[in-house]
Amino acid sequence: MALTDSHIENLYAFTRQHYVEYYDLQTELVDHMANDIEAIWEVNPTLSFEVARDKSFKKFGIFGFMDVVEQRQKAMSKIYMKLLWNYAKDWFRLPQIIITTAIFVLLYTVFSTEIGSYIFIASYLVLCLFLFIKTIAINREIKRKRKAKEKLWLLEDMIYNNATIGTLILGPQMFQLINLTDSFRGYMPLICASAFTVIIIYTYITAIILPKNATFHLQETYPEYAM
């Protein structure tokens, strides 16, 4: 006995009811459960679809799909980090290394002036403001997709959520920077220029480059994405 299209649709709905919102995860679970249900029917063909489905679901244990979701998240995290690392390495190769060096020299020069600490704080504020605006735009797009019931993909969610995580990390540090105005001397301009250069590159990759190339990477990761 084989599953029908309505059975497959039921399994997709079943995974969503159990808090699996990403289509790639849903597909993986549906394929697994479909094969298992057909195996159950071979042993006991009189079982209804619902009974066989629930019997298959019980095999996932008391936490349901959570273990599978966690494993998939770890796998996608490795893919995301590999993408991030590949883009980051480019900034320390020709010709991007020239831009990286220029950013550092410019920052070190302005941070070394008498008002360097104030320029640093102002630059930090501009970066936080950019990330805040980017966060609003990305959250609106995610809400639009959910409202339109478009397919959500785990890697896509990581790309867009990590694009906005800088706001959560950088924002709260703003209050501590005020203390720098009295101690912004010695090696501080060098340290701040180095750190800020890295932050700018990281922000550019996560908030601009990766979201811009998201479709390409999703098609590369999920063959069915283009469909």
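Heavy-atom basis, side chains included; hydrogens, waters and symmetry copies ignored. One-based numbering along the sequence shown.
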Exam field: side chain [X] to backbone [Y], donor-acceptor pair closer than 3.5 Å:
X	Y	result
Thr100	Phe92	no
His32	Leu29	no
Asn10	Ser6	no
Lys134	Ala207	yes
Trp41	Leu47	yes
Asn162	Thr206	no
Tyr222	Leu155	yes
Ser56	Ala52	no

From [X] [atom1] over to [Y] [atom2], what is the distance, rounded to the nearest 0.5 angstrom?
X	Y	atom1	atom2	answer
Ile79	Met158	CD1	CE	9.0 Å
Leu84	Ser77	CG	OG	11.5 Å
Met188	Leu190	CE	CG	10.0 Å
Leu106	Phe111	CG	CZ	8.5 Å
Met33	Gln26	CE	CD	12.5 Å
Thr135	Phe130	OG1	CZ	9.0 Å

Nearest non-hydrogen partners of [X] and [Y], listed with the distance:
X	Y	value
Val68	Glu28	CG1-OE2, 4.1 Å
Asp90	Gln96	O-CB, 3.1 Å
Val110	Ile119	O-CD1, 3.7 Å

[X], [atom1] atom: more than 12 neighbouring heavy atoms under 6.0 Å:
X	atom1	result
Arg140	CZ	no
Lys78	NZ	no
Lys89	NZ	yes
Asp5	CG	no

Assigning hydrophobic clusters by single linkage (Ile, Leu, Val, Met, Phe, Trp, Tyr; side-chain heavy-atom cutoff under 4.5 Å), is [X] placed with [Y]?
X	Y	value
Leu129	Ile121	no
Ile208	Met81	yes
Ile97	Ile199	yes
Leu83	Tyr204	yes
Leu107	Ile191	no

Exercise for the section: Could you walk me through whether Ile40 and Lys59 pass side chain to side chain contact (heavy atoms under 4.5 Å, CB included), step by step? Expected result: CA-CA 12 Å; Ile40 291 172; Lys59 294 179 181 179; 4.2 Å; yes
pair [X]-[Y]: side-chain heavy atoms closer than 4.5 Å:
X	Y	value
Thr197	Tyr108	no
Asp24	Thr221	no
Val69	Leu25	yes
Leu94	Ile98	yes
Leu152	Asp157	no
Phe196	Ile103	no

Practice task
Evaluate the side chain to side chain contact (heavy atoms under 4.5 Å, CB included) criterion for residues Trp91 and Ile99: first the C-alpha distance (whole Å), next the side-chain angles of each, then the deciding distance (0.1 Å), finally the verdict.
Solution key: CA-CA 8 Å; Trp91 283 89; Ile99 300 175; 3.7 Å; yes
Practice task
Report the relative orientation of the aromatic rings in His7 and Phe49; use parallel for angles under 30°, tilted for 30 to 60°, perpendicular for over 60°.
Solution key: parallel
Problem - Parallel, tilted or perpendicular, as decided by the 30° and 60° cut-offs, for the rings of Tyr124 and Phe120 - result: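 Aromatic pair Phe120/Tyr124 classed tilted.
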Handout entry: Check: Phe60 ring centroid to His18 ring centroid under 6.0 Å
Key =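 No, the ring centres sit 6.0 Å or more apart.
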Practice task
Walk me through it: do Thr27 and Tyr12 pass the test side-chain hydrogen bond (donor to acceptor under 3.5 Å, both in side chains)?
Solution key: CA-CA 7 Å; Thr27 300; Tyr12 272 105; 3.0 Å; yes
Problem - Option from Tyr19, Tyr22, Phe57 for which ring pair (Phe, Tyr, Trp, His ring centres under 6.0 Å) with Phe65 holds - result: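 By the ring pair (Phe, Tyr, Trp, His ring centres under 6.0 Å) criterion, Phe65 pairs with just one of Tyr19, Tyr22, Phe57: Phe57.
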Problem - side chain to side chain contact (heavy atoms under 4.5 Å, CB included) evaluation trace for Phe14 with Asp54 - result: CA-CA 10 Å; Phe14 185 80; Asp54 293 343; 4.1 Å; yes
